[in-house]
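Only one structure is covered here, and it is reproduced in the block below.
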Amino acid sequence: MAELVSPSRTYGLVDILDRVLDKGLVVVGDIKINLANVELLTIQVRLLICSIDKAEQIGLNWWKTDPRLSTHAHSAIPPQSQPASAARQQESRHGS
C-alpha cells in the first residue's frame with residue numbers, strides 16, 4: 001500500500017509521451033460566448049492524440065486519402081490554372 005501512496009518511480013516526458021501515443025488521449029470541450037442571453041459564438045473542440053498505428057486500429061485513416069498529405073491520394077483539388085482556363089473556354093463559347 002505504501003507504493004501506491006508514494007511511488008518509487010518517477011515518470012519522465014518520454015514515458016508519458018509513449019503512454020499517450022500508445023493508448024491515446026481524447027480532449028473534448030465546448031466554449032460558448034453569450035451576450036445578454038444571445039449566443040454569439042460556439043466552439044466545439046474534439047481532439048484525439050495517438051500514434052498512427054493506434055489511429056489505424058480504431059479505424060481512422062483520413063490522411064491516406066487527403067491529397068495534401070499523401071502522394072498516393074487522388075487529387076480532389078483542382079489545379080489553380082484550371083478555373084481560369086474553364087472560364088476562358090466558357091467565354092469563347094458564348095462569344096464574349
Side-chain angles (χ1 to χ4, degrees):
M1 184 72 169
E3 290 179 14
L4 294 176
V5 176
S6 67
S8 60
R9 181 168 188 234
T10 58
Y11 293 98
L13 180 60
V14 173
D15 295 324
I16 294 170
L17 282 175
D18 183 49
R19 183 167 177 96
V20 165
L21 293 176
D22 182 46
K23 302 294 182 185
L25 173 71
V26 176
V27 177
V28 177
D30 295 332
I31 300 170
K32 292 184 180 186
I33 299 176
N34 296 334
L35 179 64
N37 290 331
V38 175
E39 189 173 311
L40 299 176
L41 177 67
T42 298
I43 300 173
Q44 295 180 331
V45 178
R46 308 294 183 258
L47 176 65
L48 170 66
I49 300 172
C50 65
S51 68
I52 297 228
D53 294 334
K54 184 65 175 181
E56 287 178 335
Q57 281 179 353
I58 61 175
L60 297 175
N61 63 357
W62 52 265
W63 60 88
K64 291 182 178 179
T65 58
D66 190 335
R68 294 177 195 95
L69 301 174
S70 174
T71 57
H72 302 293
H74 295 290
S75 179
I77 302 170
Q80 293 295 338
S81 62
Q82 194 173 16
S85 64
R88 276 187 248 120
Q89 287 176 358
Q90 187 174 15
E91 288 175 359
S92 65
R93 275 187 248 144
H94 293 295
S96 298

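- When the side chains of ILVMFWY residues are joined at heavy-atom separations under 4.5 Å, either directly or via intervening members, I49 and L13 end up in two distinct hydrophobic clusters.
- Among residues two or more places apart in sequence or in another chain, the side chain to side chain contact (heavy atoms under 4.5 Å, CB included) test is passed with L35 by L40.
- Under a 4.5 Å side-chain heavy-atom cut-off, the cluster of Ile, Leu, Val, Met, Phe, Trp and Tyr residues that includes V14 has no other member.
- Taking CD1 from I58 and SG from C50, the interatomic distance works out to 5.0 Å, rounded to the nearest 0.5 Å.
- Here L17 contributes atom CG and S51 contributes atom OG; the two are 12.0 Å apart, rounded to the nearest 0.5 Å.
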For residues 21-32, dump all side-chain donor-acceptor pairs below 3.5 Å to protein atoms at least two apart in sequence or in another chain.
{"residue": "D30", "atom": "OD1", "partner": "R46", "partner atom": "NH1", "Å": "3.2"}
{"residue": "D30", "atom": "OD1", "partner": "R46", "partner atom": "NH2", "Å": "3.4"}

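- Shown here are the side chain to side chain donor-acceptor pair (under 3.5 Å) partners of E39, two or more places apart in sequence or in another chain: T42.
- Judged as a side chain to side chain donor-acceptor pair (under 3.5 Å), and not counting sequence neighbours, Q57 has no contacts.
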